[in-house]
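Encoded as structure tokens, the structure appears first; notes follow it.
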Amino acid sequence: MKIVNNPKKTKTKQYSTSEDVLKKLEGKHPVISLILEHRSLSKLKNTYVDTLPELINKKTGRIHTTYTQTITSTGRLSSQNPNLQNIPIRNERGKEIRKCFIPLKDDHLLMAADYSQIELRIIAELSGDESMIEAFKKDLDIHRLTAAKVFKIKLEEVTDDQRRQAKMVNFGIIYGISAYGLSERLGIKRHEAKELIDAYFEEYPAIKKYMEAQIEFAKKHGYVETIMKRRRYLADINSANSVVRGFAERNAINAPIQGTSADMIKIAMINIHCHLNQKQLQSKMIMQVHDELILDVPKEEVEVVSSLVKSCMSNAIRMKIPLKVDLQTAKNWLEAH
DNA sequence: AATTTCACG
DNA sequence: ACGTACGTGAAATTA
């Protein structure tokens, strides 16, 4: 439609209409917002609203997913037919879908328990970074603290936007950050993103060292490993193609973090299952969403099961960093969050 | 069958 | 100059 001069193309040379691209074009033509709105609605209708009711099992009256242990490269589970690890929550209409997930019986509740900031805690543990370890020991707001550090201001002076930017940097660290990736997400210039990253590494020097050490380890051995020794092999780590090598380097950083988190919740799940059995409880562990467990719990078991779940999750793997588990019960999945 | 888009952590 | 944030699965579109 000639809305923009050099429109972004996909790798097959089509004009890209991805959400990222359309968001930047919003306001330049009235149709853009309408397309985004229609996309969002048709996604929810086609993927969830029209589909999930068809998948209710006649015998059990419930929807059953299949968890697969051998698909992901990091050790996470994946969920298929249907995928119950991508049920909407981020926007208001999506939340209505999550509300449909309810307990088996009237006198039961759903319990949702999730690890707080698990991947940042793991990188703090693996890197041994003193100031990040301190922050978690004091249970500080890690994104606010990071903002204070990289912008060289006091905690009280951090604005919402600075905190938002620092949060993006923290996420970027876990993914194996690049100045380009950060600049795209923050809508800033690449050199500004680079300055943010440099400031970050000055404040958390052990994290920088850890990331370099992971890449070195991968180059030498051809794989990286989690705290429980789960390996991810990285065939491209010594590639002469810098783009291909860059992918492998970011995997070398991310896989031990995401994989350690996966190891941890799997151990927690085994222990929770054993305890529920031993104590002959009626409660059932019904879903896992990477850093979260959902249980169906008779009301009279809420107290015993919540402390059982919290302790199994908090103590799954012995670490120096304290782990934090948020847990709530409610009459549907949305409100248990 | 491959690609694009978008839902989640 | 290149062209990237990590990990998935499902539905719709394109080839």
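The chains referred to below are lettered A, B, ... by the order of the sequence lines, with proteins before strands, and numbering in each begins at 1.
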Students often get this wrong, so: under 4.0 angstrom with heavy atoms, is A:I71 touching a base, only sugar-phosphate, or nothing?
sugar-phosphate
Look at all strands and tell whether A:Q80 reaches a base, only sugar-phosphate, or nothing, counting heavy atoms closer than 4.0 Å.
sugar-phosphate
Looking at A:K154, I want to see if its NZ is surrounded by more than 12 non-hydrogen atoms of other residues, nucleotides or ligands under 6.0 Å.
no
Interatomic distance, CD@A:Q258 vs CG@A:D263, rounded to 0.5 Å, equals 11.0 Å
Check every strand shown and say whether A:N83 touches a base, only sugar-phosphate, or nothing at a heavy-atom separation below 4.0 Å.
sugar-phosphate
With a 4.0 Å cut-off on heavy atoms, is A:S16 in touch with a base, just the backbone sugar-phosphate, or nothing at all?
sugar-phosphate
A:I215 vs A:I253 side-chain heavy atoms within contact, under 4.5 Å:
yes
Kindly state which residues belonging to residues 87-94 of chain A come within less than 4.0 angstrom of DNA chain B, counting heavy atoms of the residue only, listed by number.
A:I87, A:P88, A:I89, A:R90
Stretch residues 315-323 of chain A: residues that reach within less than 4.0 Å of DNA chain B through a heavy atom
none
For A:K23 and A:E19: C-alpha separation, side-chain torsions, deciding distance, then whether salt bridge (Lys or Arg N to Asp or Glu O under 4.0 Å) applies.
CA-CA 6 Å; A:K23 280 234 172 87; A:E19 187 176 350; 2.7 Å; yes
Which residues in residues 28-50 of chain A have at least one heavy atom lying under 4.0 Å from any atom of DNA chain C?
A:K43, A:N46, A:T47
Within 6.0 angstrom of A:D50 CG, more than 12 heavy atoms from elsewhere:
yes
Enter the distance from A:F247:CZ to A:L234:CG here, rounded to the nearest 0.5 Å.
13.0 Å
A quick test of your reading: do over 12 heavy atoms of other residues, nucleotides or ligands sit less than 6.0 Å from NE2 of A:H221?
yes
Can you confirm whether more than 12 heavy atoms, excluding those of A:K194, are under 6.0 Å from its NZ atom?
no
Where does the angle between the aromatic ring planes of A:H143 and A:F171 fall among parallel (under 30°), tilted (30 to 60°) and perpendicular (over 60°)?
parallel
Side chains of A:V309 and A:L295: closer than 4.5 Å at any heavy-atom pair?
yes
With P as the reference atom in both, quote the distance from C:dA5 to B:dC6 in angstrom, rounded to an integer.
15 Å
First and last nucleotide of DNA chain C in contact with chain A, 5' to 3', at under 4.0 Å to a heavy atom: what are they?
C:dC2 to C:dA15
Strand contacts (DNA chain B) in residues 205-214 of chain A, 4.0 angstrom heavy-atom criterion:
none
Do we see a donor-acceptor contact under 3.5 Å between the side chains of A:Q162 and A:T159?
yes
Mind jotting down which residue pairs meet the salt bridge (Lys or Arg N to Asp or Glu O under 4.0 Å) criterion with at least one end in residues 182-193 of chain A? Sequence neighbours excluded, please.
A:K24-A:E184
Does anything in residues 222-255 of chain A come within less than 4.0 Å of DNA chain C? Heavy atoms only, and list the residues if so.
A:R232, A:S242, A:V243, A:F247, A:R250, A:N251, A:N254
By a strict heavy-atom criterion of less than 4.0 Å, which residues belonging to residues 114-127 of chain A are in contact with DNA chain C?
none
Between atom NZ of A:K9 and atom OH of A:Y15, what is the distance when rounded to the nearest 0.5 Å?
5.0 Å
Compile the donor-acceptor pairs under 3.5 Å between side chains in residues 272-287 of chain A and protein atoms, sequence neighbours left out, one pair per line.
| from | atom 1 | to | atom 2 | distance (Å) |
| --- | --- | --- | --- | --- |
| A:H275 | ND1 | A:N271 | O | 2.8 |
| A:S283 | OG | A:E301 | OE1 | 2.5 |

In residues 186-200 of chain A, what residues come within less than 4.0 Å of DNA chain C, judged by heavy atoms?
A:R190
Please say which of A:T65, A:T66, A:T68 ends up in a side-chain hydrogen bond (donor to acceptor under 3.5 Å, both in side chains) with A:Q80.
A:T68
Kindly indicate whether a cation-pi arrangement holds for A:K149 with A:Y200, taking the cut-offs as under 6.0 Å to the six-membered ring centre and within 45° of the axis.
no
Without hydrogens or angle criteria, can the side chains of A:Q85 and A:S79 be said to hold a donor-acceptor pair below 3.5 Å?
no
Hey, does A:E26 have a side-chain heavy atom less than 4.5 Å from the side chain of A:L36?
yes
Exercise answer: donor-acceptor pairs, residues 105-120 of chain A side-chain atoms, under 3.5 Å, sequence neighbours excluded:
| from | atom 1 | to | atom 2 | distance (Å) |
| --- | --- | --- | --- | --- |
| A:H108 | ND1 | A:D296 | OD1 | 2.6 |
| A:Y115 | OH | A:M313 | O | 2.7 |

Quick one, A:P88 and A:K95 - any side-chain contact, counting heavy atoms below 4.5 Å?
no
When rounded to the nearest 0.5 angstrom, what is the spacing between CE in A:M264 and CG in A:L323?
5.0 Å
Where A:Q328 and A:A336 come nearest, the two heavy atoms and their spacing:
CB-O, 3.3 Å
A side-chain contact here means heavy atoms from C-beta on lying under 4.5 Å apart; do A:M269 and A:Q288 qualify?
yes
Between which nucleotides of DNA chain B, read 5' to 3', does contact with chain A run, using atoms under 4.0 Å from its heavy atoms?
B:dT3 to B:dG9
A:S178 near the nucleic acid: base, sugar-phosphate alone, or nothing, with a heavy-atom cut-off under 4.0 Å?
base
So with a 6.0 Å cut-off around OH of A:Y67, is the heavy-atom count from everything else above 12?
yes
Between B:dT5 and C:dC2, how far apart are the two C1' atoms, rounded to whole Å?
25 Å
Under 3.5 Å, is there a donor-acceptor pair between the A:R39 and A:T17 side chains?
yes
